[in-house]
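Each remark here refers to the structure printed beneath this line.
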Amino acid sequence: MIIVSLTICLSLLVLSLLMPSLMLLLEVVSSFSWQYSDQPPPVLGDESVLAVLIPAHNEAEGISQTLEGLLPYLRSQDILLVVADNCTDETAAVARSHGATVVERFSTDQRGKGYALDYGLSQLQLNPPDIVILMDADCDVKPDTISLLASHALSTQRPVQANYLIEQPRTTSLKSFISAFAIKVKNLVRPLGLKQLGLPCLLTGTGIALPWALSRTVTVASGHIAEDMKWGLDLALAGHPPTFLPNAQVTSRLPSQEEAARVQRTRWEHGHLQIIREYLPQLLIKALSQGRGELLALALDIAILPLSLLVLSWSVITVISLLLAAISGSWLAFNLGLVTGGAIFLAVILAWYGYGRSELSFYQLIMVPVYVIWKVPVYLAFLVRPEQRWVRTRRD
């Protein structure tokens, strides 16, 4: 009886990995049907007003590059607003010297990007724009990105997520190359596949455009370490699911110092795991009770574990399933595990072949198990002491 119970429990556990793994494979395969359009970007009407909102905490060293990259794409009626949030450096002065409107915010209790964004939106509410675009202070935009985001948000009346990637690391660290590839799968390949399937995407942090009417429908004021993902899910639950715009490209500068990169990865992955715990049940319940397929798709999407944790979880469960099968003679859980592993393996290989070969060699790809082992302490830390506070990533 105990063996039967263990087999059932283990089979259910494997299924909880199988469904998101099949979703991952579907997203990767679907992404291959997208074709880049070289049509000229739409022109914003002279009557529309655009606001670019930048939350910045101690970004004096890098915000100049961001502002200089944005200014050529803003018109005379547009607004460039920087929220210098709990800054102890010259962020505010540097931003003002580049012509940005700057508001300063100080709070010992409410710390985090979400609170800074909410403060900036409340300032814009005094004279609301038609469109607001949210950018991080360490990002660079490709030509036409701003006009593409704004015009798409206006035409669809939905939140829009740009193609947000991390610049290629300048180091030769295997961790950095594999991490950059994993981020590319998460921020480009998977949203692209969802777009091709006619499904919404998650918000990934920067390069986000919203019609002003939607910007205050749900609150962004929180200290959640995955405030972007949380905000996108709140918008989707409220009936405004985000859409992906691959032609609009934003890049973030990856810290080359190992400790800074480790802190950043920990924050991202702990935040994702917290989102799964907090949002997966309510997404599933509302998707089934309200018949909303887009919420079911988002539920399956957020249930896809970070790539290294997905591989690690599958490996552990498959080994346990094999041991149980050898004892009991029941191969159900193990066979389901093989299907799950096949889906994961095929998804990774296809994503690498289609999007990662120029940046990640096949030798580096097959070293993923080493990378997975290196990430074990990050996941153990989530079980013992999960990251709860938003911590700014230290720049170079």
**Message:** Any heavy-atom pair between the side chains of Leu50 and Leu74 that's under 4.5 Å?
**Reply:** yes
**Request:** Name all residues meeting the side-chain contact (heavy atoms from CB on, under 4.5 Å) criterion together with Pro20; count only those two or more places apart in sequence or in a different chain, and write none if there are none.
**Result:** Ala303, Ile304
**Prompt:** Do Asn187 side-chain atoms and Tyr164 backbone N/O form a donor-acceptor pair below 3.5 Å?
**Reply:** yes
**Fill in**
salt bridge (Lys or Arg N to Asp or Glu O under 4.0 Å) filter on Glu294, not counting sequence neighbours, yields Arg292
**Message:** Whether the Asp78 and Tyr73 side chains hold a donor-acceptor pair (N or O, under 3.5 Å, no angle test) is what I'd like checked.
**Reply:** no
**Complete:** The complete set of side-chain hydrogen bond (donor to acceptor under 3.5 Å, both in side chains) pairs with one or both residues in residues 201-221, sequence neighbours excluded, reads Asp118-Arg216, Gln161-Thr204
**Lys NZ or Arg CZ of Arg357 over Tyr353 ring: under 6.0 Å, within 45°** = yes
**Request:** Please answer whether the main-chain N or O of Ala60 pairs with a side-chain N or O of Asp89 as donor and acceptor at a distance below 3.5 Å.
**Result:** yes
**Message:** So, using ring-ring contact (aromatic ring centres under 6.0 Å, His included) as the criterion, who are the partners of Phe334 when residues are at least two apart?
**Reply:** Trp331
**Asked** Without hydrogens or angle criteria, can the side chains of Thr145 and Gln249 be said to hold a donor-acceptor pair below 3.5 Å?
**Response** no
**Message:** Could you check whether any side-chain heavy atom of His98 comes within less than 4.5 Å of a side-chain heavy atom of Glu68, counting everything from C-beta outward?
**Reply:** yes
**Item:** For the student: nearest non-hydrogen atoms of Val14 and Gly337, plus distance
**Value:** CG1-N, 3.5 Å
**Message:** Tell me every residue that passes ring-ring contact (aromatic ring centres under 6.0 Å, His included) with Phe32, counting only those two or more places apart in sequence or in another chain.
**Reply:** Tyr355
**Request:** Name all residues meeting the side-chain contact (heavy atoms from CB on, under 4.5 Å) criterion together with Leu288; count only those two or more places apart in sequence or in a different chain, and write none if there are none.
**Result:** none
**Message:** With heavy-atom distances below 4.5 Å as the criterion, would you say the side chains of Leu134 and Trp231 are in contact?
**Reply:** yes
**Item:** Test item: Leu154 and Pro211 side chains (from C-beta on) under 4.5 Å apart, heavy atoms
**Value:** no
**Prompt:** For Phe362, which residues count as a ring-ring contact (aromatic ring centres under 6.0 Å, His included) partner, sequence neighbours excluded?
**Reply:** Trp352
**Message:** Does anything in residues 12-29 form a side-chain hydrogen bond (donor to acceptor under 3.5 Å, both in side chains)? List the pairs, not counting sequence neighbours.
**Reply:** Glu27-Arg190
**Message:** So which atom in Trp34 and which in Gln196 form the shortest heavy-atom distance, rounded to 0.1 Å?
**Reply:** CD1-OE1, 3.4 Å
**Prompt:** Who pairs with Ala299 by side-chain contact (heavy atoms from CB on, under 4.5 Å), at least two apart in sequence or on another chain?
**Reply:** Leu280, Leu283, Leu284
**Residues which pass salt bridge (Lys or Arg N to Asp or Glu O under 4.0 Å) with Lys186, listed by chain and number, not counting sequence neighbours** = none
**Message:** Determine whether a donor-acceptor pair (N or O, by modelled atom type, separation under 3.5 Å) exists between the side chain of Ser155 and the backbone of His152.
**Reply:** yes
**Message:** On a heavy-atom basis, which atom in Phe181 and which in Leu365 lie closest, and how many Å separate them?
**Reply:** CE2-CD1, 4.1 Å
**Asked** Side chains of Asn86 and Ser107: donor-acceptor distance under 3.5 Å anywhere?
**Response** no
**Prompt:** Which atom pair, heavy atoms only, marks the closest approach of Leu296 to Ala287?
**Reply:** N-CB, 3.5 Å
**Asked** Can you list the residues that meet the salt bridge (Lys or Arg N to Asp or Glu O under 4.0 Å) rule with Asp130, with sequence neighbours excluded?
**Response** none
**Request:** Go through the side-chain N and O atoms of Glu278 and His224 and say whether any donor and acceptor fall under 3.5 Å apart.
**Result:** yes
**Item:** side-chain contact (heavy atoms from CB on, under 4.5 Å) partners of Ala56, counting only residues at least two apart
**Value:** Glu59, Ile63, Val82, Thr91, Ala137
**Donor-acceptor pair, side chain of Thr66 and main chain of Cys139, under 3.5 angstrom** = yes
**Request:** Determine whether Ser313 and Leu17 make a side-chain contact, defined as any pair of heavy atoms from C-beta on separated by less than 4.5 Å.
**Result:** yes
